[in-house]
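Inspection log for the structure reproduced underneath, given as structure tokens.
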2 protein chains.
Amino acid sequence: MSPKGADALARDPASVFAALGDRTRLRLVARMAADEPQSISRLTAGTGVTRQAVTRHLQVLAAAGLVRGRRRGREVVWAIEPDRLVEARRALDEISAQWDRALARLRAHVEAE
Amino acid sequence: MSPKGADALARDPASVFAALGDRTRLRLVARMAADEPQSISRLTAGTGVTRQAVTRHLQVLAAAGLVRGRRRGREVVWAIEPDRLVEARRALDEISAQWDRALARLRAHVEAE
DNA sequence: TTAACATGCAATCTGGAGGTTGCACGTATG
DNA sequence: CATACGTGCAACCTCCAGATTGCATGTTAA
């Protein structure tokens, strides 16, 4: 298909990385991945920021497709949605693979002279 | 010894993701991974932004330890530094693994009742 | 019903990210 | 040498991410 290596990443994983590119958000993701689904209030504890700030972070993560919140009575329970996490990992793999191929090409080129 | 971004991921994994969390930067990384090391001018072509903007992006990537530029005559040649990429991938793997474990725990808990 | 709890919504503030233009400086090349 | 090329540096602008406070709404428990 697309022989253009650089365009193999045409889909946009940047938004996922951007979502993970914040200390607080990354910690939130880690906590949601480690424990059971939790309410906003519980997730707020220990972050050092306001509940409203945590709410915004959760919305950013949700917009990136990384987490999902479900209403449960008077609270909203948030949990990981690992699909796009896999996508992000695949993007990194792709870049690494391209780099390996480029290295091999360079090596072959040098040895040919 | 090691450059500034050496343990950027160990201390602040978010900074690496933040560096990748920009369309232009991610495309730059992809191009550097796909082709030979390139000068700023060449990397600027096709980005739709100024050379100075590209320079800033490259500096952000370098601060995160993802790329490295070496002076070569009157130009500076930039290339991937794949170590941080591997570490970033490992971070995603860790989160996924934690999520799997949490899922298994939940399942076991449900089945126990 | 009433009170405490969990969340949502809105207005506001501030710092920095991303971009540009303009100019200066070293380096190759005619 | 003279000139074009590649880059660095600095000032400046705009916009939005991150955070806060205050109040409103819905839900559970006493």
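The sequence lines fix the lettering, A, B, ..., with proteins before strands; numbering per chain opens at 1. A quick note: this is a predicted structure, and the numbers were derived from the prediction, not measured.
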Q: Output, in order, the C-alpha distance, side-chain angles, deciding distance and verdict of side-chain contact (heavy atoms from CB on, under 4.5 Å) for A/L92 and B/L20.
A: CA-CA 10 Å; A/L92 294 184; B/L20 295 173; 3.8 Å; yes
Q. Which nucleotide sits closest to the side chain of A/R74: C/dG18, C/dT7, C/dA4?
A.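 The listed nucleotide nearest to A/R74's side chain is C/dA4.
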Q. Of the nucleotides C/dT7, C/dT20, C/dG8, which has the atom closest to the A/E75 side chain?
A.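 Looking only at heavy atoms from C-beta outward on A/E75, the closest nucleotide is C/dT7.
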Q: Please confirm whether any donor atom in the side chain of B/Q52 sits under 3.5 Å from an acceptor in the base of C/dG22, or the reverse.
A: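 Flag set: donor-acceptor pair detected.
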Within the pair [X] and [N], is there a side-chain N or O less than 4.0 Å away from OP1 or OP2?
X: B/T50; N: C/dT20; result: yes
X: A/S41; N: C/dC5; result: no
X: B/H57; N: C/dA17; result: no

Q: Rounded to the nearest 0.5 Å, what's the gap from CD1 on A/I80 to CH2 on B/W99? Could you check?
A: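 Answer rounded to 0.5 Å: 6.5 Å.
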Q. Roughly how far apart are A/T44 OG1 and A/Q52 CD, rounded to 0.5 Å?
A.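 That separation rounds to 8.5 Å.
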Take the protein atom [atom1] of [X] and the nucleotide atom [atom2] of [N], then report the distance between them rounded to whole Å.
X: A/D22; N: C/dG16; atom1: CG; atom2: P; answer: 14 Å
X: A/R71; N: C/dC5; atom1: CZ; atom2: P; answer: 17 Å
X: A/L43; N: C/dA6; atom1: CG; atom2: P; answer: 13 Å
X: A/Q59; N: C/dA10; atom1: CD; atom2: C1'; answer: 13 Å
X: B/R25; N: C/dG19; atom1: CZ; atom2: C1'; answer: 13 Å

Q | 5' to 3' contact window, DNA chain D with chain A (heavy-atom distance under 4.0 Å) | A |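 Answer, 5' to 3': D/dG18 to D/dT28.
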Q: Give the C-alpha distance, both sets of side-chain angles, the deciding distance and a yes or no for salt bridge (Lys or Arg N to Asp or Glu O under 4.0 Å) between A/D35 and A/R31.
A: CA-CA 6 Å; A/D35 290 342; A/R31 286 179 62 177; 5.6 Å; no
**Q.** side-chain contact (heavy atoms from CB on, under 4.5 Å) evaluation trace for B/R23 with B/T47
**A.** CA-CA 10 Å; B/R23 281 176 165 265; B/T47 58; over 6 Å; no
Q) Starting at the 5' end of DNA chain C, which residue's closest nucleotide do you reach first, A/R56 or A/V76? A)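 Result: A/V76.
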Q. Ignoring hydrogens and geometry, is there a side-chain-to-backbone donor-acceptor pair from A/R84 to A/A64 under 3.5 Å?
A.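 Yes, because the side chain of A/R84 sits within donor-acceptor range (under 3.5 Å) of the backbone of A/A64.
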Q: Show your working on side-chain contact (heavy atoms from CB on, under 4.5 Å) between A/V67 and A/E81 and close with a plain yes or no.
A: CA-CA 5 Å; A/V67 302; A/E81 200 89 16; 5.6 Å; no
Q: Using heavy atoms to find the nearest nucleotide of DNA chain D for A/V49 and B/R42 separately, return the residue whose nucleotide is more 5′.
A: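 The residue closer to the strand's 5' end, by nearest nucleotide, is B/R42.
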